[in-house]
Protein chains: 2
Amino acid sequence: MEKTIITLEEAAKTLKLLGDKTRLTIVGLLKDGECCVCEFVDVLEMSQPSVSQHLRKLRDAGLVKEKRKGQWVFYSLNTSHETYPIMEEILNQIPDQKEKLIALDKAGKRIQCD
Amino acid sequence: MEKTIITLEEAAKTLKLLGDKTRLTIVGLLKDGECCVCEFVDVLEMSQPSVSQHLRKLRDAGLVKEKRKGQWVFYSLNTSHETYPIMEEILNQIPDQKEKLIALDKAGKRIQCD
DNA sequence: TCAGTGTATAAGTATATGCTTATATTTGCA
DNA sequence: TGCAAATATAAGCATATACTTATACACTGA
């Protein structure tokens, strides 16, 4: 229940980014931890360039962070972003995307490199 | 702290509508009660058709309700809409728009017809 | 019934958006 | 060193969006 008052412009910018089914699903998936690009491609059933472009928008806005691990690039939520509290509230009110990752795991397609 | 789980599609649709500075300001103004179209035109400093078109989008999505009072049409938040809890959380995290209505009142432009 | 005020709609236009295909870049490994 | 895999970027294109101006509609009051 944070009361981090941000500007209306910042809020609108974040909401616009999250007001897209693909990107909202992406942040929904990241709620449970980091994911790499190829996992998004599998789950979203979209082309790799399209996924990459959505991730870039989220990253440019600072909503997600990226981290390279070998040949993979992992994305995660940027919990220190000004609008993260809003995003968190939104994620609490939409269906959990966890099952999609579980299905991916069962198909042996989950990337783990620790 | 409702836990009204809505579909991801519905959430995305609402967020897309609120992801616009004009429309976010409109719902921000409605947080404190109903407003008529000409008040939005004054506060937002936009053309009447433009305001009308934004209101129509919000109304078509069910986020706001309209009520005619004589020659004026008043809009208010639709608190029974499925995505209202999300909207409420968002409104709690952006600056209050009340001052703009107070300024309008001081300029003698606030419409009251009860 | 007619003029004035408030609001909605229609049509046109410039820009934004989200995809596609093609190609570049980075890294791992034989 | 060279090829394959993972990711990013570029360019092109169709559709969506948000404004504009012009006009239609609804209600009020003389």
Side-chain angles (χ1 to χ4, degrees), chain A residues 8-9 12-27 29-30 34-61 63-76 104 108-114, chain B residues 8-9 12-27 29-30 34-61 63-76 104 108-114:
Chain A
L8 194 132
E9 285 80 4
K13 188 181 165 193
T14 293
L15 297 175
K16 185 173 197 171
L17 282 168
L18 299 184
D20 172 274
K21 196 189 162 187
T22 301
R23 287 189 295 265
L24 190 55
T25 305
I26 287 175
V27 295
L29 290 164
L30 293 179
E34 59 185 22
C35 289
C36 80
V37 181
C38 58
E39 293 174 322
F40 290 127
V41 171
D42 280 332
V43 169
L44 299 169
E45 295 179 301
M46 288 178 67
S47 72
Q48 176 269 318
S50 192
V51 168
S52 231
Q53 284 157 10
H54 282 296
L55 287 168
R56 188 152 116 86
K57 290 193 178 192
L58 291 171
R59 180 169 49 78
D60 284 352
L63 298 184
V64 303
K65 295 178 294 183
E66 73 174 26
K67 179 172 56 180
R68 183 173 274 278
K69 287 189 187 176
Q71 54 188 330
W72 295 283
V73 176
F74 283 77
Y75 284 84
S76 57
L104 198 66
K109 290 182 173 180
R110 196 92 163 86
I111 307 294
Q112 300 285 8
C113 44
D114 295 321
Chain B
L8 194 132
E9 284 80 4
K13 188 181 164 194
T14 294
L15 297 176
K16 185 173 197 169
L17 282 169
L18 299 184
D20 172 274
K21 195 189 162 187
T22 300
R23 288 190 294 266
L24 191 55
T25 304
I26 286 175
V27 296
L29 289 164
L30 293 179
E34 59 185 23
C35 289
C36 80
V37 182
C38 59
E39 292 174 323
F40 291 127
V41 171
D42 279 332
V43 170
L44 299 168
E45 295 179 299
M46 288 179 67
S47 72
Q48 176 270 318
S50 192
V51 168
S52 232
Q53 285 156 12
H54 282 296
L55 287 168
R56 188 152 116 87
K57 290 195 175 190
L58 291 171
R59 180 170 49 78
D60 284 352
L63 298 184
V64 303
K65 296 179 295 185
E66 71 173 28
K67 180 172 56 179
R68 183 174 274 279
K69 288 188 187 177
Q71 53 188 331
W72 295 283
V73 177
F74 283 77
Y75 285 84
S76 57
L104 199 66
K109 291 183 173 178
R110 195 92 164 88
I111 308 294
Q112 301 285 8
C113 43
D114 295 320

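Protein chains get the first letters and strands the later ones, always in sequence-line order, with residue 1 at the start of each. This one's a predicted model, so the numbers in the text were calculated from it and none came from an experiment.
When the side chain to side chain donor-acceptor pair (under 3.5 Å) test is applied to A:Lys57, no partner is found at least two apart in sequence or on another chain. Residues passing the side chain to side chain donor-acceptor pair (under 3.5 Å) test with B:Lys109, sequence neighbours excluded: none. Listed by chain and number, the residues in a side chain to side chain donor-acceptor pair (under 3.5 Å) with A:Arg59 are A:Glu66 (sequence neighbours excluded).
Going from atom CD of A:Glu39 over to atom P of D:dA6 covers 11 Å, rounded to whole Å. One can place CG of B:Leu44 at 14 Å from C1' of D:dC19, the figure rounded to the nearest angstrom. Distance CZ (A:Phe40) to P (D:dT7): 10 Å, rounded to an integer number of Å. To the nearest angstrom, P of D:dC3 lies 17 Å from CD of A:Gln71.
The span of DNA chain C lying next to chain A, judged by atoms under 4.0 Å from heavy atoms, is bounded 5' to 3' by C:dT17 to C:dG28.
Considering CD of B:Gln48 and CE of B:Met46, their distance stands at 11.0 Å, rounded to 0.5 Å. Taken from CD1 in B:Ile26 to CG in B:Leu63, the straight-line distance is 11.0 Å, to the nearest 0.5 Å.
When atom types are taken as modelled, the side chain of B:Arg56 and the backbone of B:Leu58 share no donor-acceptor pair closer than 3.5 angstrom.
Rounded to 10 degrees, the angle separating the terminal axes of the helix from C:dT1-D:dA30 to C:dA30-D:dT1 is 10°, with each axis obtained from five end pairs.
Contact annotation: B:Lys16 reaches the phosphate of D:dT17 (side-chain N/O to OP1 or OP2, under 4.0 Å). Using a 4.0 Å cut-off, some side-chain N or O of B:Lys57 falls inside it from OP1 or OP2 of D:dA18.
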Under 3.5 Å, which protein N or O atoms sit close to an N or O of nucleotides 8-12 of chain D? Give each pair with its distance.
residue: D:dA8; atom: OP1; partner: A:Tyr75; partner atom: OH; Å: 2.6
residue: D:dA8; atom: OP2; partner: A:Ser52; partner atom: OG; Å: 2.6
residue: D:dA8; atom: N7; partner: A:Gln48; partner atom: NE2; Å: 2.7
residue: D:dA8; atom: N6; partner: A:Gln48; partner atom: OE1; Å: 3.3
residue: D:dA10; atom: N6; partner: A:Gln53; partner atom: NE2; Å: 3.2

